[in-house]
Amino acid sequence: QVHLVESGGGLVQPGGSLRLSCVDSGIFFNFYDLGWYRQAPGKERELVATITSGSTTNYGDSVKGRFTISRDNAKNTVYLQMNSLKPEDTAVYYCHSQSYDGRNQYWGQGTQVTVSS
């Protein structure tokens with residue numbers, strides 16, 4: 001059973017923009033904290049951005065000011081708007097969800113983002 005499905009990845013030129021989407025098939029989306037993580041080849045998976053059930057956001061230092069995370073509870077969807085993309089942003093991006101009490105936690109399968117000329 002797949003709970004989270006990412007989409008919107010692809011190839012983009014440096015300085016360009018891309019918007020990632022993640023759809024949650026569960027029925028408790030409104031009460032979950034959400035996040036985006038990324039992993040480049042040979043590197044550790046790192047936190048990109050998080051958004052709580054109350055829509056409080058937090059960003060990794062490397063993307064602050066360039067990326068924006070948002071959620072649409074009516075559509076069970078979390079978004080990651082990526083602007084001013086750099087080659088260093090190239091990675092597989094993963095969607096993550098977690099219940100407030102920590103009982104339930106899910107990962108998406110990932111979507112590839114490549115920033116290159």
Do [X] and [Y] come within less than 4.5 Å of each other through their side chains, counting heavy atoms only?
X     : Y     : answer
Leu34 : Cys95 : no
Thr50 : Tyr59 : no
Leu20 : Met82 : yes
Val78 : Ile69 : yes
Glu46 : Tyr37 : no
Arg38 : Val63 : yes
Asp89 : Arg66 : yes

I'd like to know if the side chain of [X] reaches the main chain of [Y], judged simply by a donor and an acceptor atom lying under 3.5 Å from each other, with no hydrogens or angles considered.
X      : Y      : answer
Asp24  : Leu4   : no
Asp33  : Ser53  : yes
Ser116 : Thr114 : no
Glu6   : Cys22  : no

When Phe28, Tyr32, Tyr106 are each screened for ring pair (Phe, Tyr, Trp, His ring centres under 6.0 Å) with His3, the one that passes is Tyr106
Assess whether side-chain contact (heavy atoms from CB on, under 4.5 Å) is satisfied between Arg71 and Phe29, documenting all intermediate values.
CA-CA 10 Å; Arg71 64 193 295 163; Phe29 183 87; 3.8 Å; yes
Assigning hydrophobic clusters by single linkage (Ile, Leu, Val, Met, Phe, Trp, Tyr; side-chain heavy-atom cutoff under 4.5 Å), is [X] placed with [Y]?
X     : Y     : result
Leu80 : Leu18 : yes
Val12 : Trp36 : yes
Tyr79 : Leu47 : no

Parallel, tilted or perpendicular, judged at 30° and 60°: which one describes the rings of Phe67 and Tyr93?
tilted
Assess, by modelled atom type and distance only, whether the side chains of Asp72 and Thr77 contain a donor and an acceptor separated by less than 3.5 Å.
no
Working to the nearest 0.5 angstrom, can you tell me the gap between Asn58 CG and Thr52 OG1?
10.0 Å
Just do the side-chain contact (heavy atoms from CB on, under 4.5 Å) check on Ser99 and Gln105 with the steps written out, would you?
CA-CA 7 Å; Ser99 59; Gln105 186 175 168; over 6 Å; no
